[in-house]
Each structure stands twice: as C-alpha cells, then as structure tokens.
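Here's the structure we're looking at; comments come further down.
Since this is a predicted model, take the numbers as computed values, not measurements. Along the sequence shown, the residues carry numbers beginning at 1. Indexing begins at 1, ligand by ligand and atom by atom, following the structure's order.
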Amino acid sequence: MIKHMPFKNNTVLKVACVALYLIFFNSSSAQNQSIQDSRIIQNIDSREKMSLDGLWQVIIDPLENGYYNHQYDLRDKKAFYKNKKPKSPSDLIEYDFDSDYQLTVPGDWNTQMEKLYYYEGTIWYKRAFNYKKENSSKDILYFEAANYHSIVYLNGKKLGEHEGGFTPFQFEVTDQLVEGENVLIVKVDNQRKKEGIPTLNMDWWNYGGITRSVHLIKVPEQHIADYSIQLNNKNTEFIEGWVKIEGSTESTEVTIEIPELKKKVNLTTANGYVNFKIKVSPKLWTPDNPKLYKINISTAIDQVEDEIGFRTIETKGSKILLNGSEIFLKGISIHEEAPYDLGRVTSKEQCLILLQWAKELGCNFIRLAHYPHNETMVKEAEKMGLLIWAEVPVYWSVAFDNVSTLENATTQLEDMISRDKNRAAVILWSVANETKEDESRNKFLKSLTDKIREIDPTRLITAALNSQTIKGNGEIIAIEDQLGQYVDVIGINSYCGWYGGTPGSCKKIKWTNNYDKPMIMSEVGAGALQGLHGTAKERWTEEYQEAVYKDNIEMMEGIEFLSGTTPWILKDFRSPRRHLRRIQNDYNRKGIISEQGIKKLAFYTLQAYYMSKK
Ligand code: GCU
C-alpha cells in the first residue's frame, strides 16, 4: 500500500514512520520468542531465597484418609492439612506429623525407605519454618518439581494444586505468611493415571515425592518476573528479546547491561512489558567454546543477573546448522537418575557426574529423556558445551483424544520452555516419544508443535518416533510417519540387533526418508549386565551389546540424512518393567555404564566412534 501512494499527505508519512519504528525498536520481530505470560518467575538462581530443603515430617496415606473434606465432622478432624494437635488428653486426633516418619527434600520417597520402594499413592509432607515480615516485598513459594499431583497448604489454607512431575510451580504467599512459625503442608500423589502425562505405562521408575528443591523467594513488589534474551536467528548482528515487570502497570525504567560487550540499554515498559533489540555481535556459543555472557537486568528497585550464550540453530535440508555451520550431534540419552543407586538426581554433584561421563564419551549433545530434567542439569550441561534435546513426557499410549490431557501436556510444554528459554544449549524441543500414529495423536502433537512455533520460533522441534516402516525383507526401513511434516528434525528409535534382527544384521539396512529433514537416531542400543562376558551371540553379555553398537554405527554411517544420534542410554536405570531377576533386577540394562558407574565395553565403542567423527 505504502509503495503506491508515497508522500501523498503527511498522515501516510506519519503512519509509515511509526510502522518503521515498531519494526526496528519496539515490536517483537517474527523470529523472536513471543512474550509469554509465564506461570513461573525466571532464573531463581539469581534471587534472594530461603531454602526449605531438608528433613520434612511425613504421613504415608494410601487411602487418602487425611484428605476428604468436610462431609462428616470426624473427617474434618482428619484433614491433615490442618495439622491439628490434641487440645486435651481426651481429645481424639489420630495423626501427628511431628512424631511420624521423616523424608529428605529434595528426594524421591522410593529410595529413602524400603517400605516405599514400590509405593504409589499419597504422602503428606509438613515443613515448619520461621518467617520475618518485610515491607514492600513479595514472597513466592517455589517448587522446582514434585511428582505427580501436589496440593499445597500454608497455615491451613489451600494455596493451590499442580499436576506434572517435572516442571516448576509457584504460589505468591505474601499475605498468607505470618510473623514467626509458618506451617507448609503438601499432599503429593504419584499415582499414574490413564489421562495423565505421562500415562499409566512407562519404562522408568515412578519416583514419587518432592523430588526437587523448595524455596521461599523474596522479590520487591515490582520485580523482573520474566525475560527472554537471544541472538536473532536470522540476523546475528542483533541480540533481542523482552522483559516483563510484575506488580506494576506504570511504565518502569529497565536497564539491560552486557558489561563484557560494553553494551547498556535503557528501556521503558508499557503495561509491564518492553521489547528490545541491541546491535552487537557477541562471540557465539559452541560446544568447543561454550561462551556465556554475564547480563544484568535492573530497575530502580530490582536486579537479576544471568549468564547467557548466543548461537543460531536451524536446519537446511537434512542438515542441522549451528551458527550457520553443519554439525553432527554426537549424543547420548540420559534419565534424571542419580549414579550409584540413589534414585532421582538431587544435587549438582550428581548432575556433574552424569554430564562428565557424557563429555568423556566425546559427546557434544545430550537427550534429556523423557521429561524436563532439573534446571541445574540444563545449566551445567550448557557450561560444559553440551547441546540439549529437552522433552515433555508425552510417552507411549497417551489419551490423545482427551482435552484435559492436551491441556496438561501443553502446560508442561509451556513451563519447560519458559524455564529454559534463555539456555543457548537447548536446541530441540521434543513433543513426544514412541506414540502410535493415528488421527487423534497427529492432531494432539500438531497442537503441541503449533504451540512451540507460537512461543519459541527460535528453536527446532522434534519427536522420537518408532513408526518406521520395514520394507522388503527388512533391508529397507522407511520414515513415513505423518508427524514428519510438523517437526523440524525427525527422531527415530530403532533397536536393530535387540528387539529385532541380530548383531551383524543391521549394517546392511538402507534407510529412506519421506521428508527432506534431518534425522537423529534418538534411541539405539542393547542390554548388558556389566561384568557378564561371553560371545557376541550371547544376550546380556557386554560383548553382545558391543556388537550391536558396532553394527548400528556402521548402519548409521550409511544414512546420508542422519545428523546425530543419542544411543539408549548412558547409565542403567530403574524400571518396574524389568523383571529378569538374575540380570535386570528392576534395572533397564541398556546403559553403557552400570548403575554403579562401571563402564561397559560398548562405552569405548561409542567413544571411539565419536572421537573419529569430526
Ligand atoms: C523405548 C523407550 C525407552 C525404553 C527403551 C527400552 O524406546 O523410549 O523409554 O527404555 O525403549 O526398551 O529400553
């Protein structure tokens, strides 16, 4: 329109100028992350906070006796969240947190008490803490994660509920807190549900409990609630993003400073938000040089510091380009399970052990399966130069035609993206693992891919499929799954030599792909009991596993559209589906390292392959 009627009169000119201004200085350009109305505060590491970790009093309540509300007086007395104490010796209160069991938070309950090893149900957690009120500050109760369904009470009042075992949730509690002793009670239920995410069946231990840390975060009333800072994927001369100020609709002065790049910009919010674009060319983040820049975001009364890397990620045909150059993703899959038999990861040290094993393997990439791992794992991987595949637990036979299941999956996806959107190392969002192809599944997963394109068009979308079609007498395997059209990168789980074929039968297989898109072999591997030796024909021996690796590596080398792989899996992990007592003993034995941290032969096979690959 403008081209045909330039300068006809001033109004046209004015409109044109405003449009130009919006394009360059204020509005978010297409490839930037759209402003999210996130449910969680960004980057709690940078916040003043009181840890509520440690020993919590618990009541194990398989019949949810302490829950049901006020139909019968008696039941009211049993409402555990009221933390009632007998008022007189004749008073009947049939529970008492303070003389009951204790569990450590963060931590799963299954590995803390023999009698809870298989337990799926409700446990009530109680934590008392002292609090000193401060004016003009807000208090946020922040759970890094609790599996699976949590109901949270503070001083007898219900704050709210959360569904999903692997993403953070928070409650603003400024008005609920009292001076002195406060009592926090959390009902955690890890029962699996058909309509849940994940659903009833999964090949990992359903560790229950408050599995990650709990914090009481203090922020000014008007505070920096969220922000996105990234390199423009198309024009790397610009860093761009947005900042969201909570607690004020007035315009607020916000400063973004990148000291090392001698950049400082002053911005003004409107309705609590401001977009920005900074002309600067930072050193790019790469696996060999995982460069992070200290960034300060501040207002007159608040400040947040973060360490952010800048990189571009895209696909070109069947290639994945990092910073414009083709990269082969040398990866490994990892479950968030601590080494040495200790259940869910609960410390930075445990994260570092797993990540150092991946580095030792020669990896530049990790698949964090099958759910969002803790934030420390993501941040430490980024510092170590490991690119990341992050995933929501839309796993196997999910209730794809159930609307609330889709809402639940979408919420988990949004929260995963919200928490880690500033992590340059995260390059892939995965929407599913091994889901049967049909119309409701395609619709469900398309809706998730659309959601990602809406809130984070800067990263690649993938899913792990096992729907490949075997053709001829198995010498051809074709990727034809409909979902291929909605993702940017196609993940394939293939167990040639284990769930089909024999070691030696895989190398000849030819792969075809209906899509001109990169493929990642997201799972490949075999089981072996560490220390069990024999011939490559004997299952469960290290030699058999090694042979499967050698054979599949040769097969993968023949796939021209292969851009990476994350063999299954770094470490043996617990699974209730692994019953072969003398071998598996509740462990999936496809690790190339045992649960006791001992490397198997296949570890060195994969290491040699990665060392040989550019
Ligand atoms: C599947 C699945 C994994 C599982 C693995 C196995 O591919 O994605 O979660 O552990 O197979 O059977 O070992």
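For the side chain to side chain donor-acceptor pair (under 3.5 Å) test with E337, the passing option among Q350, R574, K571 is K571; the others fail. Each of N147, T211, I210, L342 was compared with D108 under the side-chain contact (heavy atoms from CB on, under 4.5 Å) criterion, and only T211 meets it. Each of K379, E375, R419 was compared with N43 under the side chain to side chain donor-acceptor pair (under 3.5 Å) criterion, and only K379 meets it.
Side-chain contact, N514 with T512: no donor N or O sits under 3.5 Å from an acceptor N or O.
Looking only at protein heavy atoms, the nearest one to atom 4 (C) of ligand 1 is D203 OD2, 3.1 Å. Regarding atom 2 (C) of ligand 1, its nearest protein heavy-atom neighbour is E523 OE1, 3.4 Å. Nearest protein heavy-atom contact of atom 13 (O) of ligand 1 is K590 NZ, 2.7 Å.
In summary, the atoms of ligand 1 found under 4.0 Å from a heavy atom of E434, numbered by their order in the structure, are 1 (C), 2 (C), 7 (O), 8 (O). Near N493, the atoms of ligand 1 lying under 4.0 angstrom from a non-hydrogen atom of the residue are 7 (O), 8 (O). In the vicinity of H370, heavy-atom distances shorter than 4.0 Å reach the ligand 1 atoms 3 (C), 8 (O), 9 (O).
Residue N588 touches ligand 1 through its side chain alone, judged by heavy-atom distances below 4.0 Å. The proximity of F573 to ligand 1, defined as any non-hydrogen pair under 4.0 Å, is limited to the side chain. Contact annotation: for N433 versus ligand 1, heavy atoms closer than 4.0 Å belong to the side chain alone.
For D551 (side chain) and A547 (main-chain N/O), no donor-acceptor pair under 3.5 Å exists by modelled atom type. Side-chain atoms of D586 never come within 3.5 Å of backbone atoms of P576 as a donor-acceptor pair (strictly under, hydrogens ignored). R367 places a side-chain N or O within 3.5 Å of a backbone atom of S522 that can act as its donor or acceptor partner.
Within the 4.0 Å heavy-atom shell around ligand 1 one finds R578.
Compare Y495, Y395, W568, Y499 by their heavy atoms: the one nearest to atom 12 (O) of ligand 1 is in Y499.
Rounding to the nearest 0.5 Å places CH2 of W396 at 5.0 Å from CG of N201.
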